[in-house]
Structures are given as structure tokens and as C-alpha cells.
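Computed over heavy atoms, backbone and side chain alike; hydrogens, waters and symmetry mates excluded.
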Amino acid sequence: MRSTRATARAGLSLAATLPLLAGALALGSPAAHAADGGRHSLAGTKPVWAKSSTDKGSTSDSSKVSVRVYLAGRDAAGLRAYAKAVSDPDSASYGKYLSAKQADARYGATKAQVAAVTDWLKSAGLTVTGTTRHYLSVTGDVAAAEKAFGTQLHNYAKGKKTYRAPAADASVPTALDGAVLTVTGLDNAPHKATHSDTLPPPDAVFRNAGPFSSYYGSNTASSLPKAYGQKIPYAVEGYTGKQLRAAYGAGKATGKGVRVAITDAYASPTIASDAATYARKHGDASYGRGQLNQVLPSEYTRTEECGAAGWYGEETLDVEAVHAVAPKADLVYVGAASCYDNDLLDSLGKIVDGHLADIVSNSWGDIEANQTPDLAAAYDQVFQLGAIEGIGFYFSSGDNGDEVANTGTKQVDTPANSAWVTAVGGTSLAVGKHDKYLWETGWGTERAALSDDGRSWADFPGAFTSGAGGGTSRTVAQPYYQRGVVPSALADANGTGAPMRTVPDISAIADPNTGFKVGQTQAFPDGSYRYSEYRIGGTSLAAPVIAGVQALAQQNRGGRAIGFANPAIYDRYGSKVYHDVVDRPTGKDLAVARVDFANSVDASEGLITSVRSLGKDSSLKAVRGYDPVTGVGSPRDGYVSSYRRH
């Protein structure tokens, strides 16, 4: 992803091409019985950062709170069990999905549960401001919240800021046992926006400088120094759909009859014209009537805090990448009102409640250290409801490798770490002449600039800049479908005493230096807004590419939904339907030369020339078999058609 950044703070989720700060994902139910028998504890609602050593005292009783009380539904355990059964190719229930109405009737909250939870909240002095299939929105003062949830609210120092949090896990009366899944918003709740924000205009233009390669290796940087003992090619100008379809074995499939949803925050005001222009310029099928739709909130909030215009590029990338790979698939963009988890969860809930699509691409996330089990439970409930309806969620694995350079701690990203989503890792892709697939490495970039005299690369190979997120979760147990595939050394890497979830599951092109060309309306220095194109990458690219490939695969099933795909993806492990991606596919270290405008627009302020090494993803390595950069690998010829038999 280009360098324009939206700001971030605890409680937000941003595009997965950035260092992210948001909440929450862990496996399992957060509820556990309290020792006194009179209350039902909602484990994990006290965040780990709320420590006695940073306690600044009680929050004022009159301070206002705004929380969500998530409903557990009729049978939370049954929901998890059925979500597994319908997704497992070895299960007799495989593919026996429910409609959204059937799912609600079997697993949704009953009217009696909703009434009981509502009465309890009101009796404590709280006000219920809204009710959905998934939660009750509640407001009130701190004193009422403490009475309702059986805990004190204190102020805690976290870094340079102070946030409110429960001094102990929240709880509910045992009479509500089974009715309440969790409560969110007691900790670190952002101030509620009091007015509707206006979306800003597009961001400042970003353009790539040349020279370029039209395909990998087509233009050698003969005048530049060698790297790894050889002359290297210039970076590609940006692959297009024709090249990606050939690389990942699309064949004649187009995704016709399949619906793909995309979630991000906000909405690009020029997406329809940008997508149509891009398709026309690059030989993709033109959009048919009703093929691209948007489902948007009635108002937007926190547009400055979340960097709203920065999200326009995410939507543009996702839409154009899915359409490039699956040009006949129907697309629906479901925009969130802000980059906060509550709003992103609402977007996911809209897709499930209305069964808006069978495949959902999501290019946003957070670091696992910021997760809390309360939001984890809320996310996983949506993913499980999606699974029983035949809906699969695909999440970018992150763009900072093992996250050490970004956070100082080795960790994975969320929601990609959920056992109920497909985590999509990233590769550097070489497509040669006549659209021939040459090879892939794991995406990991080291950068060195051209020396002042132009005769060498300064401090070659340079520092790590970005790479596909991956590794071993500290909070999510290993799901059954990874057993026997993920090496024990990876699953047990954190020393938790039990094998843990490892990320990613599958991968596709992500390296911006071998990236995808997108077209977007941007702001130029003269004050005009014009369509322009640039090369882009990140696992924000890999996720929609895999979503497009899955649309092709679903078409090959006669349109029958694949649903939650991980069991089927791992079921194919060891077959010939994956490129087994390694970091040195040619037996040598690889790199490309890249030239950038110093001002990101034109050559008026000079050019910056650098070498970008491929396959250098922090401490993570792409090796034979499953690995924490590319998972089982990337799709190849035979992957799409393999779904005909299942």
C-alpha cells in the first residue's frame, strides 16, 4: 500500500496495509460461572492492560458510558458445532446450509431472552437505545453500569493516555445464564459522535515513476549496480487481471452467478466511474447493470480520526481486484460508518443478516496484543453465523511480517487469527512473457537506496520495510483443520503448552514491487480531481484476489456455496493444486530496482532509486510445505476446477 496513512488509536481498525490498532479476537465463549453462584462472569471483559500498577482511581459516577450487550442466542454451543459440521468436507452435514431466516430461528435470541436482558438493564438505570439481532445498544452513567455489570469502573494509564476499564470482569445475573454473550464498551469506549460527518474529497495523488517492466524481467536495469551478483529488472508497472488470472489458474471461469461482498470503512464517492474506467482500460469485462452495488450507513462518524479518504483507495483496490479476477461476479460493497470495531461489526452483520454474499473480502485488521475476548466473541459469533449460511470470510494477514519491527513483539494480526476465517498471506509474484507464471516468493521486502555516486547500493540489502503477516497466535487454539498440516514447531512456537492457531491459511500476490495496477480519482496539486493509475500491494491485495479465485471455484461447483473454506483448503494440502511458495525459487536471492518520485507526483523534486529484495519477511520464512508467510501456498492450475468434484 502507498504511504498515505490514516491515524490510529486503541479501539480502531484500519486497512490491513498499515500498522493497526483495534480490538479483538479469541476463540471460545467468554462466559464462565462466578464463584459465588449469584452472577455469571463474562471472562475477558477486563482488558489485560488494566493493571493495578496503572490504576488512577475510580471513574466518576456521573460519567457517561455507551456499551453493547451481545446476545448469546438460543444455543451458542450448537451454533459452533453446526458451523464446523457444515464446513467440514468429511461431515455428513457438509454444505447443508441454512437461510438467514432459518439461522435466526434456530440460533438467534428469543423474544423472551431479549425482554429479560432489556428489563435487567433498565432496572439498573440504563437506557436501551436500540436492539438488533445481535446486540442491545445501551447508554447511562457509570454508577448504573457498575450496578448492572457487577464491577467497578476505574481509570487506567495506557501509554501516554488514560482510559476507563472494569476493575474486574463484568458479570450478569445467573437468571440470564445463556442469554448474554458478552458486553463491549466498558473499556476504552470512544466518545460518541454527536453529528453526521461529511466525507472528505479524495486524497493527494500518488503516482509511480518509471522505468518499468511490463512483465517480470522484461526491462533489465543495466545502468544500475548489480544486486546479489547479477543485474536486476525494474519493478513491473503493475499486473492486470489477465496476468493474475493466468497465474492462478482461472481458466474459463468468470465468477458468473456468485456474489462477493467487500467491507471497509466509508465509501469512495467515485468508485462506480473509477471501476468502469479501469475495466475498460485493461480489458476486464464491463460492469453489467446492478453488478456493482453499495450498502452504506445513513451517516458517517470520526472521518478525521480514521482518515476517511485513505479508505477510498482500499475500496478501489478491493473492487477492481475482485472484478479483474472474477469479471462476472456480482459485487456488493458494505461500508462501515467509521473505522471502529462496532461499525465494522455492523457491516459484517448486515452481510450475514441479509445474506448479501457468499464470499466476503476484508482488508483491515489489528495486532493480536490489542485483542480482547469481549470483541473476539462478538466477531466469532458473526463468522459462525456466516458459516452456517454458507458465507466465507477472508481477511488480510497483515503487512508487517512478524510485527517485531512495528511493535517490538512477535505476534500475528486479528481478525485473521480467528479460527473461523480464512487468513490470506502474501507473495511476490513473477509473471513472464505471454502471461506465463514463473515463480513466487514469500512477500518480504528489504530496501537499500542508490549511493550518491550511483555505483552501489548503500548498506545493501538494507532494512526490512514490510512483508506478509503470519506466525503463531497466543490466544487462539489450533483448529482441527490445521492438525497434521502445520508443523509442531510452528503450532507450539509460543510455549503455551498446547498447539495454537497459525496464520496464514493461503496466499496470493501482495508485494507492492510486483503489485497490481489500480485506477482511482485523486487530488492533483493544481486542485483538480482526476482519474490516475498506480501500482499497489499489501495483503489488502491478496485478500480480494483470493476472494475472486474463490468466486471462480464456486462457479465451478455449479454455484453451490463453498462457505467457510478453511477445511476445504487444508483438505487439498499436499495435492498439485497449490504453488508451494519458497523464498528462493530460482536458487538465488532475488531483487528488483524501483524508481519513485520524491514528491509522489512528478519529477520536479527529483527521483529516488532503490533496490527491493524479495523473500525477506522479517523472521518469517517461506519454505517447502506449510509456512507462516504463505500458508499452504497460492492457487495454481487445478485449484479452481478441483471444486467441481466436491
Side-chain angles (χ1 to χ4, degrees), residues 8-14 19-32 40-52 54-55 59 65-72 76 134-135 138 145 149-159 161-172 180-190 338-346 348 364-384 395 398 403 407 409 411-421 473-477 494 496 500-501:
R9 51 168 277 195
L12 296 85
S13 295
L14 298 179
L20 307 178
L21 295 172
L25 197 57
L27 190 64
S29 171
H40 194 75
S41 180
L42 303 176
T45 44
K46 177 189 176 183
V48 295
W49 50 261
K51 301 176 181 178
S52 58
T54 61
D55 192 337
T59 305
V65 298
S66 178
V67 302
R68 285 185 177 184
V69 178
Y70 280 87
L71 303 166
H134 307 288
Y135 61 84
V138 181
F149 298 107
T151 186
Q152 299 296 304
L153 299 181
H154 284 203
N155 297 322
Y156 294 88
K158 184 175 185 286
K161 296 184 178 181
T162 299
Y163 300 106
R164 185 188 66 225
D169 282 334
S171 62
V172 299
V180 176
L181 179 69
T182 192
V183 56
T184 67
L186 290 175
D187 69 282
N188 197 33
S338 81
C339 62
Y340 277 68
D341 285 284
N342 280 351
D343 292 325
L344 290 163
L345 269 166
D346 283 346
L348 297 173
W364 46 270
D366 187 20
I367 55 173
E368 189 174 67
N370 288 334
Q371 69 181 7
T372 55
D374 53 356
L375 276 167
Y379 273 114
D380 278 354
Q381 184 186 61
V382 173
F383 300 148
Q384 291 161 9
F395 275 88
E403 292 287 356
T407 69
T409 302
Q411 59 186 305
V412 298
D413 282 19
T414 69
N417 69 339
S418 171
W420 297 101
V421 308
S473 171
R474 294 183 181 274
T475 62
V476 182
N494 290 331
T496 57
M500 303 299 285
R501 166 83 159 116

Show the numbers, then the answer: is there a side chain to side chain contact (heavy atoms under 4.5 Å, CB included) between Thr45 and Asp187? CA-CA 8 Å; Thr45 44; Asp187 69 282; over 6 Å; no
Starting from the C-alpha separation in whole Å, work towards a yes-or-no answer on side-chain hydrogen bond (donor to acceptor under 3.5 Å, both in side chains) for Asp341 and Tyr379. CA-CA 9 Å; Asp341 285 284; Tyr379 273 114; 2.6 Å; yes
Walk me through it: do Tyr70 and Leu345 pass the test side chain to side chain contact (heavy atoms under 4.5 Å, CB included)? CA-CA 12 Å; Tyr70 280 87; Leu345 269 166; 3.4 Å; yes
List the steps and the verdict of side chain to side chain contact (heavy atoms under 4.5 Å, CB included) for Val65 and Leu186. CA-CA 7 Å; Val65 298; Leu186 290 175; 5.5 Å; no
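Residues Cys339 and Leu344 share a closest heavy-atom pair of O-CD1, 3.7 Å. Closest non-hydrogen pair, Trp49 versus Arg164, comes out as CH2-O, 4.0 Å. Shortest non-hydrogen contact noted between Gly44 and Asp169 is N-OD1, 3.3 Å. For the pair Pro47 and Pro166, the tightest heavy-atom approach, listed with the atom from each and the gap, is CD-CD, 4.0 Å. Considering all non-hydrogen atoms of both residues, Val67 and Gly185 come closest at CG1-C, 3.7 Å. Ala50 and Ala165 make their closest contact through CB-CB, 3.9 Å (heavy atoms, listed as atom of the first residue, atom of the second, distance).
Asn155 and Thr162 share no donor-acceptor pair across their side chains, judged by distance under 3.5 Å alone. In the model, Asn494 has no side-chain atom that pairs as donor or acceptor with a side-chain atom of Thr496 under 3.5 Å.
Rounded to the nearest 0.5 angstrom, Leu42 CG and Leu181 CG are separated by 8.5 Å. To the nearest 0.5 angstrom, Gln371 atom CD is 10.5 Å from Asp413 atom CG.
Residues satisfying the salt bridge (charged side-chain N to carboxylate O under 4.0 Å, His left out) criterion with Asp343, sequence neighbours excluded, are absent altogether. Applying the side chain to side chain contact (heavy atoms under 4.5 Å, CB included) criterion to Ala168, with sequence neighbours excluded, gives Thr151. The ring pair (Phe, Tyr, Trp, His ring centres under 6.0 Å) test applied to Tyr156 returns no partner, not counting sequence neighbours. With sequence neighbours excluded, the residues forming a side chain to side chain donor-acceptor pair (under 3.5 Å) with Thr407 are Gln411, listed by chain and number. The side chain to side chain donor-acceptor pair (under 3.5 Å) test applied to Thr184 returns no partner, not counting sequence neighbours. Annotation: side chain to side chain donor-acceptor pair (under 3.5 Å) contacts of Asp346 (sequence neighbours excluded): Arg68, Tyr135.
A heavy-atom distance below 4.5 Å is found between the side chains of Phe383 and Leu348.
With respect to Glu368, the side chain to side chain donor-acceptor pair (under 3.5 Å) criterion is satisfied by exactly one of Thr409, Thr414, Thr475: Thr475.
Ser473 contributes no side-chain N or O that, together with a main-chain N or O of Asn417, makes up a donor-acceptor pair within less than 3.5 Å. Judged by distance alone, the side chain of Gln381 and the main-chain N or O of Leu71 form a donor-acceptor pair under 3.5 Å. The closest donor-acceptor contact from the side chain of Ser418 to the backbone of Pro415 lies at 3.5 Å or more, if one exists at all. Under the 3.5 Å distance criterion, the side-chain polar atoms of Thr59 are matched with a main-chain donor or acceptor of Leu153.
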